[in-house]
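These figures come from a predicted structure and were not determined experimentally. Just so it is clear: chains get the letters A, B, ... in the order the sequence lines come, proteins before strands, and each one is counted from 1.
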Amino acid sequence: MNLNASSLVILDFETTGLSPNMGDRAIEIGAVRLHNGKVVESFQELMNPGFRISSFIAEYTGITNEMLSTAAPCNEVMNRFVDFIADDNLIAHNASFDKRFLDAELERISRTYSSKFACSLLVSRRIYPLAPNHKLATLIDYKRIQSTGGFHRALYDSEMTAQLWLEILTDIEAKIKAENVPFALIEKLSKTAKKDINKLLEKW
DNA sequence: TGCCAGGCCCTCTTTAGGGCCTT
């Protein structure tokens with residue numbers, strides 16, 4: 001298990017809705033691998049969920065039923081993606097959402113992963129309490145990260161989340177004056193109450 | 001018929017409710 005932050009996979013799903021328990025499926029996975037603070041690899045594939053997506057999702061993502069009609073089925077794509085993850089730890093913006101879909105899709109193909117998740121949304125609420133809100137696009141603007149505005153596609157959102165994550169690491173490092181931020185600290189920051197954040201950073 | 005997510009976190013809390021975030 002990789003417990004430091006030197007190699008991470010930042011991922012984002014586009015899906016047919018909000019809940020795999022309600023029958024929703026993944027329609028696109030995008031991810032980048034960060035190694036020593038740089039993007040060294042990326043993964044992006046559309047996947048066919050086996051049914052038509054709603055007009056809301058098509059408009060929200062820009063992914064159409066026509067595009068999905070020629071895409072590989074979810075099981076093929078997810079098999080390739082879990083190989084891509086290897087044993088790197090995982091980051092997502094609102095990780096509980098992406099984890100639910102990752103777990104649900106992998107359960108369908110009887111694959112597992114050993115990686116741990118951390119959440120850029122939960123950490124950003126700790127590190128940037130003064131941001132207008134903690135939506136991905138808002139945080140990208142708040143941190144003045146260069147963006148073309150192409151949100152709601154999986155690879156683009158994973159790329160933007162990766163850039164945000166690097167900003168978060170930089171800001172945490174500045175607080176604790178450390179060269180490397182352990183993944184274990186990031187996990188704790190994802191789950192530590194606001195009142196305890198400074199104590200935790202000082203302790204580390 | 002009409003509704004149907006789930007996790008985290010804050011607060012007017014913990015015997016709960018509601019907002020935020022993801023598609």
Side-chain angles (χ1 to χ4, degrees), chain A residues 9-32 44-65 67-68 71 74 77-78 81 89-108 115-143 145 147 149-165 167-168 185-201:
Chain A
V9 168
I10 292 82
L11 65 93
D12 183 70
F13 277 104
E14 303 304 319
T15 71
T16 65
L18 292 172
S19 175
N21 288 340
M22 302 292 288
D24 290 317
R25 299 294 303 273
I27 57 174
E28 186 181 42
I29 177 67
V32 296
Q44 185 275 324
E45 285 200 54
L46 291 170
M47 57 189 116
N48 190 332
F51 55 87
R52 292 182 63 81
I53 63 172
S54 69
S55 58
F56 171 80
I57 292 298
E59 190 167 334
Y60 186 82
T61 64
I63 298 168
T64 65
N65 282 295
M67 292 163 68
L68 294 176
C74 296
V77 174
M78 292 309 299
F81 183 63
N89 284 323
L90 304 171
I91 310 289
H93 199 67
N94 199 8
S96 67
F97 174 84
D98 293 280
K99 184 177 188 300
R100 276 201 304 278
F101 277 94
L102 179 63
D103 291 351
E105 292 295 344
L106 293 187
E107 186 176 1
R108 288 172 175 270
S115 318
K116 291 185 175 182
F117 260 97
C119 178
S120 57
L121 166 66
L122 297 181
V123 178
S124 69
R125 281 179 177 159
R126 304 301 184 214
I127 305 298
Y128 310 126
L130 300 181
N133 60 56
H134 297 86
K135 296 177 183 177
L136 178 60
T138 302
L139 290 167
I140 293 301
D141 183 59
Y142 180 71
K143 293 304 295 179
I145 295 168
S147 165
F151 292 100
H152 305 310
R153 285 301 298 270
L155 180 59
Y156 189 82
D157 281 4
S158 69
E159 290 171 337
M160 289 296 98
T161 302
Q163 295 308 309
L164 174 63
W165 189 254
E167 287 288 321
I168 288 171
L185 171 60
I186 302 302
E187 278 195 295
K188 287 188 177 180
L189 287 174
S190 294
K191 296 173 181 173
T192 302
K194 186 176 181 180
K195 60 187 177 185
D196 294 329
I197 182 71
N198 289 328
K199 195 178 299 179
L200 179 62
L201 289 171

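Rounding to whole angstrom units, CD of residue Glu28(A) and C1' of dT22(B) are separated by 15 Å. One can place NZ of Lys99(A) at 18 Å from C1' of dT23(B), the figure rounded to the nearest angstrom. When the P atom of dT22(B) is taken as reference, atom CZ of Arg25(A) falls 23 Å away, rounded to whole Å. Rounded to a whole Å, the CZ atom of Phe117(A) is 15 Å from the P atom of dT22(B). Atom CG in Asp24(A) sits about 11 Å away from atom P in dG6(B), given to the nearest Å. Rounded to an integer number of Å, the gap from Ile29(A) CD1 to dT23(B) C1' is 13 Å. Across the protein-nucleic acid pair, Leu102(A) atom CG and dG6(B) atom C1' stand 16 Å apart, rounded to whole Å. Atom pair Met22(A):CE and dG2(B):P shows a separation of 17 Å (rounding to whole Å applied).
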Report task. Start with the C-alpha distance between Asn133(A) and Thr138(A), add both sets of side-chain angles, then the distance that settles side chain to side chain donor-acceptor pair (under 3.5 Å), and finish with yes or no. Result -> CA-CA 7 Å; Asn133(A) 60 56; Thr138(A) 302; 2.8 Å; yes
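The residue Ile57(A) sits close to a base: some heavy atom pair falls under 4.0 Å. As judged by a 4.0 angstrom heavy-atom cut-off over every strand, Ile27(A) is placed among residues making no nucleic acid contact. Residue-level contact check: Asp12(A) touches the backbone only, with heavy atoms under 4.0 Å from sugar-phosphate atoms and none from bases. Residue contacts shown for Phe56(A) include a base, since a base heavy atom lies under 4.0 Å away. Within 4.0 Å of Asn133(A), counting heavy atoms only, lie sugar-phosphate atoms of the nucleic acid but no base atom.
Classification of the Phe151(A)-Tyr156(A) ring pair by plane angle, with boundaries at 30° and 60°, yields perpendicular. The aromatic rings of Tyr142(A) and Tyr128(A) lie perpendicular to each other, with more than 60° between the two planes, well past the 30° mark.
Salt bridge annotation for Arg153(A)-Glu14(A): absent, with no cationic side-chain nitrogen under 4.0 angstrom from a carboxylate oxygen.
Considering Asp12(A), Leu11(A), Ile140(A) in turn, Asp12(A) is the only one that fulfils the side chain to side chain contact (heavy atoms under 4.5 Å, CB included) rule with Asp157(A). Screening Gln44(A), Glu45(A), Met47(A) for a side chain to side chain contact (heavy atoms under 4.5 Å, CB included) involving Glu28(A) leaves a single residue, Gln44(A).
Of the side-chain N and O atoms in Arg126(A), one or more sit less than 4.0 angstrom from OP1 or OP2 of dC9(B). Within the 4.0 Å cut-off from OP1 or OP2 of dG6(B), at least one side-chain nitrogen or oxygen of Asn21(A) is found. Within the 4.0 Å cut-off from OP1 or OP2 of dC21(B), at least one side-chain nitrogen or oxygen of His134(A) is found. Taking side-chain N and O atoms only, His152(A) has a distance below 4.0 Å to OP1 or OP2 of dT23(B).
Residues of residues 44-53 of chain A that place a heavy atom closer than 4.0 Å to DNA chain B do not occur.
The side chain of Leu122(A) sits closest to dC8(B) out of dA5(B), dC8(B), dT23(B).
Comparing the P positions of dT13(B) and dG18(B) gives a spacing of 14 Å, expressed to the nearest Å. For the P atom pair drawn from dG2(B) and dG6(B), the interatomic distance equals 23 Å after rounding to whole Å. Rounded to whole Å, the P atom of dC12(B) lies 26 Å from the corresponding atom of dG7(B). Between dG19(B) and dT1(B), the two C1' atoms lie 28 Å apart (nearest whole Å). When the P atom is used for both dC3(B) and dC8(B), the distance is 28 Å, rounded to whole Å.
Asn89(A) and Ser115(A) share no donor-acceptor pair across their side chains, judged by distance under 3.5 Å alone.
At least one donor-acceptor pair under 3.5 Å links the side chain of His93(A) to the backbone N or O of His134(A).
Heavy-atom minimum distance, Asn65(A) versus Arg52(A): OD1-CA, 3.1 Å.
Residues Ser96(A) and Thr61(A) each lie close to DNA chain B; by heavy-atom proximity, the contact nearer the 5' end of the strand is made by Ser96(A).
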